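Here the structure is a predicted model, which means the values were calculated and not measured. Along the sequence shown, residues are numbered consecutively beginning with 1.
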Amino acid sequence: MTILDKIITRKKKEISDSKSKISLQQLKDSEFFGRETYSLKETIKSKSGIIAEFKRQSPSKGIINDKVSPLEVVSAYEKFGASGISILTDKDFFGGSFEDILNVKNHTHIPILRKDFMIDEYQFYEAKSMGADVVLLIAACLSPQQTLEFTELSHELGLEVLLEIHTEDELGHYNSSIDLVGINNRNLKDFKVDLQHSVHLKNLLPENVLSVAESGIYNIQDYFYLKEKGFDGFLMGEYFMKNTNPAQAFEEFISYI
């Protein structure tokens with residue numbers, strides 16, 4: 001089994017457990033469910049383009065930073081000009097939790113992306129109930145039909161969709177309702193990084209699609225290279241989180257833009 005296979009197998013069990021504990025109606029009755037959401041499409045165009053991520057660990061890197069609080073980091077990301085915030089909610093493989101979004105939502109006024117492996121309708125109601133504005137759909141986990149159905153459900157709930165692709169075959173998951181397309185520079189199956197591969201895929205997308213470069217952006221040169229190649233947004237987590245002070249790392253990085 002690949003790492004992705006293991007994650008999906010575990011995710012199915014996690015979703016089943018969640019459904020048995022919290023009903024759909026309870027999610028709909030939660031504090032944030034009826035709120036107006038923020039638009040990542042708009043902030044990508046009006047701010048730095050950086051979707052700054054809070055990320056404790058990953059399967060490929062192990063512990064990245066488990067010493068800082070979500071609120072401390074996210075507040076600085078917003079203060080210094082991030083277009084959006086990405087927060088991992090997968091517990092077993094990324095050390096995240098729903099509470100990481102809940103704990104910052106009342107203090108944040110830019111879009112929050114729930115970054116997780118979305119494979120069941122229930123998770124989209126969870127996302128809205130915890131205060132997310134955007135959800136990630138990973139093409140490698142879904143069929144094109146599921147992608148379309150989950151996009152429609154997201155929009156019904158007032159959530160935007162960031163579709164993540166990594167191969168030419170996954171371009172078939174794109175549909176005109178998708179809000180943004182993320183191209184993962186890191187292969188989810190072997191975790192190798194290839195910026196040029198991402199540029200190639202970006203050039204195969206329709207011209208009017210907002211594109212986001214995801215992962216593997218290790219320095220300001222990578223950022224400028226991808227921006228020059230036409231990317232609108234840049235999802236970055238490890239670059240900031242690997243520092244003792246992610247807030248300072250973000251402030252320094254954005255000063256060069």
Side-chain angles (χ1 to χ4, degrees), residues 40-55 58-61 64-65 73 76-88 94 110-111 113 115 134 136-140 160-171 173-174 178-243 245-257:
L40 183 59
K41 287 193 297 186
E42 295 305 315
T43 57
I44 283 286
K45 292 182 284 188
S46 63
K47 293 179 178 287
S48 66
I50 295 178
I51 306 166
E53 190 161 86
F54 181 83
K55 179 179 185 178
S58 75
S60 61
K61 300 290 184 178
I64 298 170
N65 190 336
V73 174
Y77 286 163
E78 180 172 5
K79 177 182 177 181
F80 295 116
S83 287
I85 305 297
S86 171
I87 298 182
L88 275 296
F94 290 87
I110 55 176
L113 166 70
K115 194 175 184 187
V134 190
L136 180 71
L137 298 185
I138 302 174
E160 289 184 345
V161 169
L162 171 62
L163 171 67
E164 176 180 302
I165 63 173
H166 184 76
T167 68
E168 285 193 31
D169 288 344
E170 291 170 358
L171 288 165
H173 285 67
Y174 174 77
I178 295 289
D179 299 292
L180 309 103
V181 175
I183 302 178
N184 199 334
N185 302 308
R186 180 182 292 119
N187 189 315
L188 285 176
K189 295 182 179 178
D190 60 18
F191 285 85
K192 292 180 180 177
V193 172
D194 184 354
L195 298 187
Q196 189 53 50
H197 176 68
S198 299
V199 171
H200 170 67
L201 288 183
K202 187 248 181 299
N203 290 335
L204 298 177
L205 291 171
E207 287 186 11
N208 61 334
V209 175
L210 285 174
S211 58
V212 178
E214 300 181 6
S215 303
I217 303 172
Y218 294 133
N219 51 56
I220 193 69
Q221 289 77 22
D222 289 342
Y223 167 86
F224 281 124
Y225 172 77
L226 292 165
K227 189 172 183 64
E228 179 186 324
K229 296 300 182 181
F231 280 93
D232 304 288
F234 311 86
L235 199 159
M236 300 176 62
E238 183 184 329
Y239 180 88
F240 307 125
M241 292 298 297
K242 68 183 180 181
N243 289 271
N245 187 337
Q248 183 178 21
F250 180 75
E251 181 184 9
E252 291 176 356
F253 185 90
I254 211 163
S255 69
Y256 294 108
I257 297 174

Q | CZ on Phe54 to NZ on Lys115, rounded to 0.5 Å | A | 13.5 Å
Q: Applying salt bridge (charged side-chain N to carboxylate O under 4.0 Å, His left out), name anything that partners Lys202, two or more places apart in sequence or on another chain.
A: none
**Q.** Those residues that, when tested against Asp222, pass salt bridge (charged side-chain N to carboxylate O under 4.0 Å, His left out) (two or more places apart)
**A.** none
Q. Judged by atom type as modelled, is there a donor-acceptor pair below 3.5 Å linking the side chain of Asn245 to the main-chain atoms of Ala247?
A. yes
Q: Return the set of residues passing salt bridge (charged side-chain N to carboxylate O under 4.0 Å, His left out) with Glu251 (not counting sequence neighbours), or none when no residue passes.
A: none
Q: For Asn203, enumerate each residue passing the side-chain contact (heavy atoms from CB on, under 4.5 Å) test, keeping only those at least two apart in sequence or located in another chain.
A: Val199
Q.
Quick test of your reading: applying ring-ring contact (aromatic ring centres under 6.0 Å, His included), list the pairs with at least one residue in residues 206-232, sequence neighbours left out, ordered by first then second residue.
A. Tyr223-Phe234, Tyr223-Phe253
Q | Contacts of type side-chain hydrogen bond (donor to acceptor under 3.5 Å, both in side chains), residue Glu168, not counting sequence neighbours | A | His200
Q. Residues in salt bridge (charged side-chain N to carboxylate O under 4.0 Å, His left out) with Glu214, at least two apart?
A. none
**Q.** Side chains of Ile110 and Lys47 in contact at under 4.5 Å (non-hydrogen atoms)
**A.** yes
Q: Kindly write out the residues that satisfy side-chain hydrogen bond (donor to acceptor under 3.5 Å, both in side chains) with Ser60, not counting sequence neighbours, or none if the list is empty.
A: Ser58
(Q) The test is side chain to side chain contact (heavy atoms under 4.5 Å, CB included); show your working for Leu205 and Leu171 and say whether it passes. (A) CA-CA 8 Å; Leu205 291 171; Leu171 288 165; 3.7 Å; yes
**Q.** Under 3.5 Å: donor-acceptor pair, side chain of Tyr256, backbone of Ile220
**A.** no
Q. Are there more than 12 heavy atoms of other residues, nucleotides or ligands under 6.0 Å from atom NZ of Lys242?
A. yes
Q: Would you please test Leu113 and Ile87 for side chain to side chain contact (heavy atoms under 4.5 Å, CB included) and show each step?
A: CA-CA 6 Å; Leu113 166 70; Ile87 298 182; over 6 Å; no
Q. Which value, rounded to the nearest 0.5 Å, describes the distance between Asn184 atom CG and His166 atom NE2?
A. 6.5 Å
Q) Backbone N or O of Leu40 within a donor-acceptor pair of the Glu160 side chain at under 3.5 Å? A) yes
Q: Using modelled atom types only, decide if a donor and an acceptor are shared between the side chain of Asn65 and the backbone of Pro246 within a distance under 3.5 Å.
A: no
Q. Partners of Asp232 by side-chain contact (heavy atoms from CB on, under 4.5 Å), sequence neighbours excluded?
A. Ile44, Leu210, Ser211
Q: Working to the nearest 0.5 Å, report the span between CG of Leu162 and CD1 of Ile138.
A: 9.5 Å
Q) Only one of Val181, Leu137, Leu204 clears side-chain contact (heavy atoms from CB on, under 4.5 Å) with Ile165; which? A) Val181
Q. If we ignore angles and hydrogens, is there a donor and acceptor under 3.5 Å between the side chains of Asn185 and Ser198?
A. yes
(Q) Quick check for you: to the nearest 0.5 Å, what is the distance between Leu180 atom CG and Glu164 atom CD? (A) 12.5 Å
Q) Is the shortest side-chain N to carboxylate O distance from Lys55 to Glu238 below 4.0 Å? A) no
**Q.** Ser48: partners by side-chain contact (heavy atoms from CB on, under 4.5 Å), with sequence neighbours left out
**A.** Ile50, Ser83, Ile254
Q. Can you name the side-chain contact (heavy atoms from CB on, under 4.5 Å) partners of Glu252, sequence neighbours left out?
A. Gln248
Q: Report the relative orientation of the aromatic rings in Phe80 and Phe250; use parallel for angles under 30°, tilted for 30 to 60°, perpendicular for over 60°.
A: tilted
Q) Could you state the interatomic distance from CD1 (Ile217) to OG (Ser215), rounded to the nearest 0.5 Å? A) 7.5 Å
